[in-house]
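Okay, structure first, notes after.
Proteins get letters first, then strands, A, B, ... in listed order; numbering begins at 1 in each.
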2 protein chains.
Amino acid sequence: MTTTIKRRDKGVRLFHALSDDTRLEIMERLKEGEQCVCDLTDALKTGQSRLSFHLKVLKDAGLIKDRPEGRWIYYSLHEEALEQLEEVVRSLRGTGHRGGSSSRCG
Amino acid sequence: MTTTIKRRDKGVRLFHALSDDTRLEIMERLKEGEQCVCDLTDALKTGQSRLSFHLKVLKDAGLIKDRPEGRWIYYSLHEEALEQLEEVVRSLRGTGHRGGSSSRCG
DNA sequence: TTGACAGATCAAGAATTCTTGTTATGATGA
DNA sequence: TCATCATAACAAGAATTCTTGATCTGTCAA
């Protein structure tokens with residue numbers, strides 16, 4: 001089924017982008033809201049080039065987006081991709097799991 | 001906060017394990033239920049050694065578990081890890097997302 | 001203009017991950 | 001016991017990813 005393969009492909013890209021400590025830390029910072037690269041450089045105490053590399057990985061995977069403003073570039077989470085990620089993860093659960101322990105609403 | 005770092009660490013391991021096409025395909029096959037390595041070798045049309053490598057990655061990450069029986073070893077999904085994964089993914093969403101479009105219950 | 005700053009991009013080496021072939025282990029059955 | 005089967009584990013090369021330092025681009029302010 002082509003749909004399955006496409007979702008798998010999407011999954012591989014999303015999971016790969018998130019499979020790194022620095023990148024997960026970036027994601028965590030961005031939960032607080034938009035940040036420019038300089039904020040992140042300070043926060044993560046890392047080189048500009050290295051940070052730029054990881055931001056690109058996240059951006060290529062669609063997980064974050066950028067908004068240039070003057071000489072700064074602000075990054076923020078891309079909620080849509082996070083929803084897709086949730087869907088991919090949900091699709092990993094065994095077929096008969098309706099009512100799993102952690103996602104109840106009542 | 002140590003909890004955050006631990007969760008991130010767990011996340012890195014889970015995401016890494018899932019960041020590969022072969023491994024995601026294994027996960028998909030296991031959704032159907034327990035399978036022995038020979039079943040998977042057939043299904044994925046790949047070498048035994050290669051498959052064994054990827055099964056180990058998934059197992060080390062806690063995503064699957066094995067059950068030896070005679071000379072076969074049966075693999076299956078480890079639901080607990082999938083729940084942890086869902087939690088990690090949920091924790092990636094921005095703080096103010098209550099009411100996101102895809103996870104409503106009503 | 002010119003200089004300084006924010007970031008991206010590139011190049012090369014380091015580190016990690018993956019593949020393939022081979023060997024080791026443990027169960028089974030003759 | 002011996003041969004065979006299912007699978008793990010290892011070793012070495014291939015491929016990919018990451019890091020670091022250098023350079024390029026665009027923006028601003030003097």
Side-chain angles (χ1 to χ4, degrees), chain A residues 5 8-30 33-78, chain B residues 5 8-30 33-78:
Chain A
I5 290 172
R8 204 160 72 214
D9 211 63
K10 182 82 192 174
V12 168
R13 263 175 293 145
L14 290 172
F15 289 136
H16 167 257
L18 294 169
S19 70
D20 176 278
D21 188 67
T22 302
R23 296 199 286 267
L24 276 193
E25 192 172 356
I26 293 171
M27 295 294 283
E28 260 156 32
R29 297 274 168 185
L30 295 184
E34 238 188 19
Q35 311 230 4
C36 72
V37 180
C38 52
D39 290 339
L40 292 167
T41 313
D42 283 1
L44 306 205
K45 291 188 185 24
T46 188
Q48 180 269 316
S49 170
R50 183 167 174 273
L51 186 55
S52 195
F53 168 79
H54 288 295
L55 285 168
K56 185 165 161 40
V57 174
L58 287 170
K59 191 181 153 196
D60 286 351
L63 283 160
I64 61 177
K65 53 195 175 186
D66 57 349
R67 180 178 67 81
E69 184 175 317
R71 60 174 124 170
W72 291 275
I73 296 182
Y74 290 91
Y75 281 92
S76 57
L77 296 187
H78 192 182
Chain B
I5 290 173
R8 203 159 73 214
D9 211 63
K10 183 82 193 172
V12 168
R13 265 175 290 145
L14 290 172
F15 289 136
H16 166 257
L18 294 169
S19 69
D20 176 278
D21 189 67
T22 302
R23 295 198 288 264
L24 276 192
E25 193 172 355
I26 292 171
M27 294 295 283
E28 260 156 32
R29 297 274 168 184
L30 295 184
E34 238 188 19
Q35 313 230 4
C36 71
V37 180
C38 52
D39 290 339
L40 292 167
T41 312
D42 283 1
L44 305 206
K45 292 187 183 22
T46 188
Q48 180 269 315
S49 170
R50 182 168 174 273
L51 186 56
S52 195
F53 168 79
H54 288 295
L55 285 169
K56 184 164 162 41
V57 173
L58 287 170
K59 190 181 153 197
D60 286 351
L63 283 159
I64 62 178
K65 54 194 175 187
D66 58 349
R67 180 177 67 82
E69 183 176 319
R71 59 174 127 172
W72 290 276
I73 295 179
Y74 290 91
Y75 281 90
S76 57
L77 297 185
H78 192 180

ask   = For A:Tyr74, which contact category applies under a 4.0 Å heavy-atom criterion: base, sugar-phosphate, or nothing?
value = nothing
ask   = With respect to B:Leu63, which candidate in B:Arg13, B:Met27, B:Arg23, B:His78 satisfies the side chain to side chain contact (heavy atoms under 4.5 Å, CB included) definition?
value = B:Met27
inquiry  = Check the phosphate of D:dC18 against A:Arg23, side-chain N and O only, distance under 4.0 Å to OP1 or OP2. Yes or no?
reply    = yes
key: For atom CZ of A:Arg71 and atom P of D:dT27, their distance in whole Å   = 11 Å
D:dT20 OP1/OP2 closer than 4.0 Å to side-chain N/O of A:Ser49 = no
query = Which nucleotide sits closest to the side chain of B:Phe53: C:dA4, D:dC18, C:dC18?
reply = C:dC18
Rounded distance (Å) that lies between atom P of C:dT17 and atom CZ of A:Phe15 = 18 Å
query = Is a side-chain donor or acceptor of B:Thr41 paired with a backbone partner of B:Val37 at a separation under 3.5 angstrom?
reply = yes
message = How many whole angstroms separate atom CG of B:Asp21 from atom C1' of C:dT19?
response = 15 Å
key: Closest-nucleotide ordering on DNA chain D, the 5'-leading residue of A:Gly70 and A:Val57   = A:Val57
key: Side-chain N or O of B:Tyr75 closer than 4.0 Å to phosphate OP1/OP2 of D:dA6   = no
note = Regarding the side chain of A:Val37, the nearest nucleotide among C:dG7, D:dT7, C:dC18 is C:dG7
ask   = Under 4.0 Å between a side-chain N/O of A:His54 and OP1 or OP2 of D:dT19, yes or no?
value = yes
Side-chain heavy-atom pair A:Leu24, B:Phe15 within 4.5 angstrom cut-off = yes
key: Residue-phosphate contact under 4.0 Å: B:Arg50 side-chain N/O, C:dT19 OP1/OP2   = yes
Side chain of A:His16 - closest among D:dC18, C:dA4, C:dC18 = D:dC18
task = Specify the separation, in whole Å, of atom CH2 of A:Trp72 and atom C1' of C:dC5.
result = 9 Å
message = Measuring from the side chain of A:Ile73 (C-beta onward, heavy atoms only), which nucleotide among D:dA29, C:dA8, D:dT7 has the closest atom?
response = C:dA8
query = Would you say A:Thr22 and A:Thr46 make side-chain contact, with heavy atoms under 4.5 Å?
reply = no
message = Closer than 3.5 angstrom, by distance alone: can the side chain of B:Gln35 be matched with the main-chain N or O of B:Arg29 as a donor-acceptor pair?
response = yes
request  = Using whole Å, report how far CG of A:Asp42 lies from C1' of C:dC5.
outcome  = 14 Å
ask   = Is the number of heavy atoms from other residues, nucleotides or ligands under 6.0 Å of A:Lys10 NZ greater than 12?
value = yes
ask   = Expressed in angstrom and rounded to an integer, what is the separation of A:Glu69 atom CD from C:dG7 atom P?
value = 11 Å
task = Check if the side chain of B:Gln48 and the base of D:dA8 share a donor-acceptor pair of N or O atoms closer than 3.5 Å.
result = yes
inquiry  = If I take atom NZ in residue B:Lys59 and atom C1' in nucleotide D:dT7, what distance separates them, rounded to the nearest angstrom?
reply    = 11 Å
5'-most by nearest nucleotide on DNA chain D - B:Asp39 or A:Thr22 = B:Asp39
message = Rounded to whole Å, please give me the gap between NZ in A:Lys56 and P in D:dT19.
response = 16 Å
